[in-house]
Amino acid sequence: MIIVIKNNTDKAQVDNLIDWVKSQGLSVNVSVGQEQTVLGLIGDVSSIDIDLVRGLSVVENVMRISEPYKNANRKFHPDDTIVEVENATVGGKDFAIIAGPCSVESKEQICEIAIAVKQAGATMLRGGAFKPRTSPYDFQGLRGDGIELLLEAKKLTGLPIVTEIMDLSQLELFNDVDVVQVGARNMQNMELLKALGRTKKPVLLKRGLSSTLKELLMSAEYIMAGGNGNVILCERGIRTFETATRNTLDISAVPALKEFTHLPVIVDPSHASGIARYVAPLTYTAAAAGAHGVMIEVHNNPSAALCDGAQSLTPDEFAEVVTKTNAVLEALK
C-alpha cells in the first residue's frame with residue numbers, strides 16, 4: 001500500500017501518520033520526490049482501513065500495491081534512483097560506461113586496459129577476479145590477487161572498480177571494491193543477496209539466464225529489504241532457442257524495467273551476444289532504448305585472452321563505440 005501526501009503539508013502531521021502506521025506493525029518507506037511525498041507501507045496491510053486513511057487532511061490518495069516487490073517498485077519511489085560510485089553516477093540522465101577485461105590476468109594487462117578505456121570515456125573499470133566458468137578446467141580467475149590488481153589500476157586511473165562476487169565467504173575481500181557484481185548464476189543466491197543488503201555498497205545485479213523481470217526485481221528486493229538501496233539492474237541476455245548468439249538480448253527489458261522500478265538499468269552487450277562484432281550495434285540499441293549505461297568487455301589482445309576473448313573489443317574498437325554511442329545519446333535529446 002502507498003499513501004500519497006498532499007503538497008505543503010505540515011511535517012509534524014506527516015510524522016504522526018508515520019508513527020501510527022508503525023504502531024500497526026508495519027514498516028514505512030518514505031520517498032520525498034520533487035513533486036510529492038510517498039509513504040510505502042511494507043507488511044500485512046489487511047488491517048488498514050483505506051477509507052479512514054484517505055480521509056485524513058494530509059493524505060491526497062491511498063492505493064494498494066499488488067506487486068510483491070515493494071522497495072524496488074516505482075510506485076513507492078516515483079523519482080529515479082541515482083547510484084553514486086565515487087566520482088561516477090548511474091541513473092537519471094547519466095549514461096554510465098563500464099569497461100574492462102572479462103578477467104584480470106596480470107598487472108600490466110589490467111593497468112594498460114584501464115588507461116585505454118578511461119581515455120576513451122569509460123566511467124568505471126570492470127574486471128573479473130573470481131570467474132564462474134562452465135568447465136571446472138577453465139581459468140577461474142586470480143581471486144584475491146585479482147582484486148589487488150584492480151585496486152592498482154584504480155590508483156593509476158581513478159576509475160571506480162566493478163568485480164563479481166561468487167560466494168558469501170568472499171565478502172571481506174570486497175571491502176575496497178566500489179561496486180559488487182552479482183552474476184546471472186547467483187541472481188537467486190538469497191543468502192548472498194541478504195548479506196549484500198546489510199552493506200551500503202552498490203550492487204550490480206545481473207538478470208539470470210532464464211529469469212523473468214519479476215524474479216529479477218524480487219532479487220533486488222532481497223538486497224533492498226536489508227537496507228541497501230544502491231542497486232543497479234543489468235540486462236545481460238537470456239537463454240532462448242536461438243543459437244546464433246551466446247544469449248538473446250531482451251532489449252524490451254529496458255523500457256519495461258524503467259516502468260516497473262526506479263532503479264537504474266544497464267545493458268551488457270558483450271555477454272548478450274558473445275560476439276565482438278555485435279557489441280557495437282547492441283550498445284547503440286541499448287542507448288536508444290533508454291538504458292542508463294552499458295558494460296562492455298575490452299581486452300588489449302582478445303585473441304590471447306584467458307576468458308571470453310571472442311566477445312571482447314580492442315581499445316580502439318571500444319573508443320569508436322563510445323564516440324558513436326555519445327552521438328546516439330545526443331540525437332535523443
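The analysis underlying the following values was restricted to heavy atoms, covering all of them including side chains, and did not include hydrogens, waters or symmetry mates. Note that the structure is predicted; figures quoted are calculated from it, not measured.
N326 meets the side-chain hydrogen bond (donor to acceptor under 3.5 Å, both in side chains) test with no other residue; sequence neighbours excluded. Applying the side chain to side chain contact (heavy atoms under 4.5 Å, CB included) criterion to A276, with sequence neighbours excluded, gives L313. Here K324 pairs with E320 under the salt bridge (charged side-chain N to carboxylate O under 4.0 Å, His left out) rule; sequence neighbours left out. Among residues two or more places apart in sequence or in another chain, the salt bridge (charged side-chain N to carboxylate O under 4.0 Å, His left out) test is passed with E259 by none. A search for side chain to side chain contact (heavy atoms under 4.5 Å, CB included) contacts involving N247 returns L209, R236, not counting sequence neighbours. Partners of D250 under the side chain to side chain contact (heavy atoms under 4.5 Å, CB included) rule, at least two apart in sequence or in another chain, are R207, E235, I238, S252, A253. Legend: residues meeting salt bridge (charged side-chain N to carboxylate O under 4.0 Å, His left out) with D51, ordered by chain and number and at least two apart, are R54. Evaluation of the salt bridge (charged side-chain N to carboxylate O under 4.0 Å, His left out) rule for E86 yields K154 as partners, not counting sequence neighbours. Qualifying side chain to side chain contact (heavy atoms under 4.5 Å, CB included) partners for A195, counting only residues two or more places apart in sequence or in other chains: L168, L171, R198.
The neighbour count for E242 CD, taken as heavy atoms of other residues, nucleotides or ligands under 6.0 Å away, is above 12. Crowding of R143 atom CZ: a count of heavy atoms from other residues, nucleotides or ligands under 6.0 Å not exceeding 12.
Remark: side-chain polar atoms of K194 are not paired, donor with acceptor, to backbone N or O of G226 under 3.5 angstrom. Side-chain atoms of Q109 come within 3.5 Å of backbone atoms of S103 as a donor-acceptor pair (strictly under, hydrogens ignored). Side-chain N or O atoms of T157 include none that pairs as donor or acceptor with a backbone N or O of I115 at under 3.5 Å. When atom types are taken as modelled, the side chain of R126 and the backbone of C102 share a donor-acceptor pair closer than 3.5 angstrom. With N228 contributing its side chain and T199 its backbone, the two residues share a donor-acceptor pair below 3.5 Å. In terms of modelled atom types and a separation under 3.5 Å, the side chain of S270 and the main chain of E297 share a donor-acceptor contact. Formation of a donor-acceptor pair under 3.5 Å by the N300 side chain with backbone atoms of I113 is not found in this model. Remark: the backbone N or O of N71 is paired with a side-chain donor or acceptor of H262 at under 3.5 angstrom. Within the 3.5 Å criterion, the main-chain N or O of H271 finds a donor-acceptor partner in the side chain of D268. No donor-acceptor distance shorter than 3.5 angstrom exists from the side chain of K206 to the backbone of R185, with no hydrogens or angles considered.
Considering every non-hydrogen atom in both P78 and Q36, the closest pair reads CG-NE2, 3.9 Å. Heavy-atom minimum distance, S210 versus E215: O-OE1, 4.3 Å. For the pair S106 and L142, the tightest heavy-atom approach, listed with the atom from each and the gap, is N-CD1, 4.4 Å. Of all heavy-atom pairs spanning A289 and V254, the tightest one is O-CG1, 3.6 Å. C234 and V267 get closest at one heavy-atom pair: SG-C, 4.4 Å. Minimum heavy-atom separation, D178 to P160: OD2-CA, 3.2 Å.
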With a cut-off of 3.5 Å and sequence neighbours excluded, list every side-chain donor-acceptor pair involving residues 12-28.
| unit_1 | atom_1 | unit_2 | atom_2 | d |
| --- | --- | --- | --- | --- |
| D15 | OD2 | K11 | NZ | 2.9 |
| N16 | ND2 | A12 | O | 3.3 |
| S23 | OG | W20 | O | 2.4 |

*I48 and M1: side-chain contact (heavy atoms from CB on, under 4.5 Å), yes or no, with the steps?*
CA-CA 9 Å; I48 300 294; M1 179 184 292; 3.8 Å; yes
*Just do the salt bridge (charged side-chain N to carboxylate O under 4.0 Å, His left out) check on R246 and D308 with the steps written out, would you?*
CA-CA 11 Å; R246 181 175 182 176; D308 287 347; 3.3 Å; yes
_Working note: S273 + V279, criterion side-chain contact (heavy atoms from CB on, under 4.5 Å); need CA distance, chi angles, decisive distance, verdict._
CA-CA 7 Å; S273 65; V279 171; 4.1 Å; yes
*Criterion side-chain contact (heavy atoms from CB on, under 4.5 Å) on I165 and V177, from CA distance to verdict*: CA-CA 10 Å; I165 190 169; V177 171; over 6 Å; no
_Run the side-chain contact (heavy atoms from CB on, under 4.5 Å) test on V117 and L159 for me, step by step, so that the C-alpha distance in whole Å, both residues' side-chain angles and the decisive distance to 0.1 Å come before the verdict._
CA-CA 10 Å; V117 297; L159 289 175; 4.1 Å; yes
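In this structure the side chain of P68 never reaches within 4.5 angstrom of the side chain of E221, judged on heavy atoms. At a threshold of 4.5 Å between non-hydrogen side-chain atoms, the residues V58 and D10 do not count as touching. Here the side chains of I97 and F318 are in contact, with some heavy-atom distance below 4.5 Å. Within the 4.5 Å cutoff, no side-chain heavy atoms of V203 are placed close to those of N230. Between L173 and F130, some side-chain heavy-atom pair lies under the 4.5 Å cut-off. Looking only at side-chain heavy atoms (C-beta outward), T123 and F95 stay at 4.5 Å or farther from each other. Residues D80 and P264 fail the side-chain proximity criterion, which asks for heavy atoms closer than 4.5 Å. Within the 4.5 Å cutoff, no side-chain heavy atoms of L263 are placed close to those of L205.
Taking NZ of K214 as the reference point, atom CG of L216 lies at 13.0 Å (rounded to 0.5 Å). Expressed to the nearest 0.5 Å, how far CG of L329 lies from NZ of K93 amounts to 13.5 Å. To the nearest 0.5 Å, atom OG1 of residue T89 and atom CG of residue D94 are 3.0 Å apart.
In this structure, Y222 is a member of the same hydrophobic cluster as L213, with clusters built from ILVMFWY side-chain heavy atoms closer than 4.5 Å. A continuous path of Ile, Leu, Val, Met, Phe, Trp and Tyr side chains, each step under 4.5 Å between heavy atoms, connects V328 with V265, placing both in one hydrophobic cluster. Both F174 and V104 belong to a single network of hydrophobic side chains, linked directly or stepwise wherever heavy atoms of I, L, V, M, F, W or Y lie under 4.5 Å apart. When the side chains of ILVMFWY residues are joined at heavy-atom separations under 4.5 Å, either directly or via intervening members, I223 and M166 end up in a single hydrophobic cluster. Two different hydrophobic clusters hold M224 and V30 under the rule that ILVMFWY side chains link at heavy-atom gaps under 4.5 Å.
Members clustered with M63: I2, V4, V38, I42, I65, F76, by chain and number, using a 4.5 Å side-chain heavy-atom cutoff among hydrophobic residues. Annotation for V90: hydrophobic cluster partners, listed by chain and number, are V83, V85, I98, M124, V162, V179, L204, I232, I266, M295 (ILVMFWY side-chain heavy atoms under 4.5 Å, direct or chained).
Ion pairing between E67 and K75 holds under the 4.0 Å rule for side-chain N and carboxylate O.
Side-chain contact, Q170 with D167: no donor N or O sits under 3.5 Å from an acceptor N or O.
A side-chain contact (heavy atoms from CB on, under 4.5 Å) with L217 is found for one member of T212, N73, T261 and no other, namely T261.
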